[in-house]
Structures are given as C-alpha cells and as structure tokens.
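Take a look at the structure set out below.
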Amino acid sequence: MKTPPCRVEKLQWSDRVLCEIALPGGTMVVRSGFGSGLTRRRGDPPGHVWAVGDRGPNLKVKTAVELYGLDDLASLAGKSDAKLMPRPDIGPELAQLRVSGDRVELVRTLRIAGPDGVPVSGLPVPGGAHLVAEPAFDLGGAPLPPDPGGMDTEGVAALRDGGFWVSDEFGPSLARLDSEGRAVVRLIPQGTGLDAYKAAPYKVEARLPGIAARRQINRGFEAVAVSEDESRLYVAFQSPLAHPDEEAHEKARHVRFLCLNATDAAVIGQYLYPLDAPESFRRDREKGKFGRSDIKVSEVAALSGERLLVLERGSETTKIYLVRAEESKALRPEHLRVETRPSVEEMSGFDEAFDLPVLGKTLLFSSDEAPEVAADLEGMAILSPTELLLVSDNDFGVEGAETSFWRLTFAKPVLE
C-alpha cells in the first residue's frame, strides 16, 4: 500500500538516570520513562507537548533471572503475568516537553497524585470476581500489596483548562486530573465493585460500561484522545477483549474503540478497529514467531471532525492509520452488554460469523519502509498539519533501552 511521502528524523534526547541497583548479574540502571503516551494541548505554543509514563519500572520474572542473575526468583516464573517492581516508589508521571529544532527538551514534570498531593503508586489495584489483577513482587521475591489508588497510565489527553484525562490499563479506567496532575475522579467499569477502591485517595465512580472489565490482563485502556471541541473522548483498548474468555482474545481480529461524552462518560458510540494480518508486520516476522495476539493499538490522536490517527504495532513494526469514526460504523447497543452472545470477539475470530461494521483504514506510515526508526513506539502527537512526533517506550531502562523521539514531516498537510 502506497503511503504519503514523509521525511523521518531522529531528535536528540537524553533520559535522566533515576537510580542504579547492584544485582548478582550486573547493575540495573533505572531511567526516566515518558514514552507511553503523547498529546498536544490545543492553543499551546508550537512544539510544546505532554508525555506520560506508565506504572514505573517493572519486568517479567524470566527477564530478571536472565539479565540480572536473580536465580532465587525462578520459582515465581510460573505465576501467570507476575511482575517484579524494583522501585515501587517510582510511579506514574506527566512531563511537559518542547520540540526545539532537532532536539526534545524537558520543561517540567508532574507526578500524578491524589487531591492531597501525595503521589499515586503504580502498584496493581485489588483483583476480584470481575477483575483479574497482576501479582507484583519486589526484587527479593516478596509480594507487594495491591493499591486501590494504583494506576498504570498508558495514554494522556491535555485539555484547554490545563487539566488532563489519562487512561489506565489496570481497571481499566479513566482519570481526570487537574492542572497539577492531581486526580479529581477516576472512572471504572460498572459491576467491578467500588469496595475495592474504598481506600483510594480520590473519588472513584463506576460509570464506564461493564464490558470494559473483560480486557485481557495488562491489555486495558491504552490510549485516550479528546475531540477538537473537547465534548468527546475517544478511548482505545490495546487488544481485543478476553470475552468471554482468553481464547476469544487470542483469535479475535478487532479492537474496540469507545467514544464517550466528556461530561458524564456516557457511551456515544462503540467502534471496531480491524487489526492487520500478522504476516504484514515484516520487521517483527523477520525476528521470529509473531502472531495475532502480538498486535496492539498503542495510541490514538484526534483530528478535526470524526477522524482519528491510530498507531498500530507489533514490537519492531509500527503503522499509522487514518480512520473516520462516523455514526454509520458504530456497533449496535447490545454489543456493550456483557451477556450478548456470540460476543464481538467470538464473531471476530471466525470469518463466516462476522458481519459487524468496522472502521476503514488509510495507511499514512509504516516503519517497515523506514528501517532506521526504533522499535516499541507507543506515543504519538500531532505537531502541525504536516508534522507528527513519535516516541518509544524505554520501560524505564530496566532492560537497557533508551527513549527515542522521531519526527515525521509529510510533504502535504495530511494531519489537519
């Protein structure tokens, strides 16, 4: 598929070193991480953007054993989705950045906090009958307690009043922040139970559709964007839901997008974004086994009207698509109900059973055609009608990665 011509530039940037941890197999260098999501506040000076980092430094048990010689933790490797959190005190944070010439500069950071200014943690929220939660451990193998106020922030939308919306993978949830990064309210799926959040340091309301809690673990709300007039929020899951089970998630070919009223979070529309076939992710396929469940939606940015930019990726290959979330493509209301069968994901996995409307896609960029572009791109912000800023997620450097920023400059204004 032919894409619009564009120039690709790597911008200068240097991660801050937050700490160094001596371990049996080497030193873990923990760096600042602002690569989970990007946004630009309408009306801000040219080049100014906001970034968000996720829960904080974490890694899989197997990785910790292989990279850092933590052999005593090998027994935890069998715990499904277990994560090690070497510094639980390093948590979700916003960063104001400025693109100046060929470099990205850090202007300031805002630690996401409760109304009292105490920072929120990146520890998983309590699990329950309707919400599977990840187990977390420290570097000594001791379990870390869940935190009803914990967030794994993956997306951010900056608002004209100075505040923000952030999307969270844990609940999944949406949180409204004020201009200082303090949580005003956190919205969670209906039916997941407010009791688990009783001790949260901010107001929690169950206003999101209950089906959102059926996200595949660690694949919750990955992206949030606000419409030009700030009346609507667009929220994207990272992957197909595990609904009614994980088998449906693994086979499904479509990701749900929600369009919400920004005032009361009522659902305006639900849309299906069709994922590309695994074989079309050339760089990922060249590195080894790569299947449907390895494909993710990592970012969404809103253009004028009903148009969205979508960042779809594996690990190595990143694609950017233009879609139009028009009313005629919205799903019928029954597909928001948990009890509807077959579920969207069940139908999505089988061509002969699938007859639902899907969003059309126009490819604007593929990193398969730009081999110099880094892997693990997660954030995307529109700088101008011709310029797009991309950022990689360094996972706080715990596996040796460093953040990289990339500017795409299109020959024509395709981002208006």
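All values derive from a computational prediction rather than experimental measurement.
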Next on the checklist: Looking at every heavy atom in both Lys83 and Asn218, which two are closest together, and how far apart are they?
Outcome noted: NZ-ND2, 3.6 Å
Next on the checklist: Restricting to non-hydrogen atoms, name the atom on Leu258 and the atom on Pro209 that form the minimum distance, rounded to 0.1 Å.
Outcome noted: CD1-CG, 4.0 Å
For the residue pair [X] and [Y], would you count it as a cation-pi contact if the rule is NZ or CZ under 6.0 angstrom from the ring centre and within 45 degrees of the ring axis?
X: Lys329; Y: Tyr271; answer: no
X: Arg253; Y: Tyr273; answer: no
X: Lys319; Y: Phe281; answer: yes

Side chains of [X] and [Y] in contact at under 4.5 Å (non-hydrogen atoms):
X: Ser404; Y: Lys10; answer: yes
X: Asp54; Y: Ser36; answer: yes
X: Leu11; Y: Trp406; answer: no
X: Ile295; Y: Phe290; answer: yes
X: Leu70; Y: Val61; answer: no

Item to check | Non-neighbouring partners of Asp264 that pass side-chain contact (heavy atoms from CB on, under 4.5 Å), sequence neighbours left out | outcome: Arg207, Asn261, Ala266
Next on the checklist: Would you say that more than 12 heavy atoms from the other residues, nucleotides or ligands in this model lie under 6.0 Å from the CG of Asp72, or not?
Outcome noted: no
Next on the checklist: Atom CD of residue position Glu327 - does it have more than 12 heavy atoms of other residues, nucleotides or ligands inside 6.0 Å?
Outcome noted: no
Could you tabulate the donor-acceptor pairs under 3.5 Å formed by side-chain atoms of residues 298-311, not counting sequence neighbours?
from, atom 1, to, atom 2, distance (Å)
Ser298, OG, Arg313, NE, 2.8
Glu299, OE2, Leu38, N, 2.9
Glu299, OE2, Met380, N, 3.0
Ser304, OG, Arg307, NH2, 3.0
Arg307, NE, Ser304, O, 3.4
Arg307, NH2, Glu416, O, 2.0

Side-chain donor-acceptor contacts of residues 224-236 below 3.5 Å, not counting sequence neighbours, with atom names and distances?
from, atom 1, to, atom 2, distance (Å)
Ser227, OG, Asp229, OD1, 2.8
Ser227, OG, Glu230, N, 3.4
Ser227, OG, Ser231, N, 3.3
Ser227, OG, Arg232, N, 3.1
Asp229, OD1, Ser231, N, 3.0
Asp229, OD1, Ser231, OG, 2.8
Asp229, OD2, Ser231, OG, 3.2
Glu230, OE2, Arg160, N, 2.9
Arg232, NH1, Tyr234, OH, 2.6

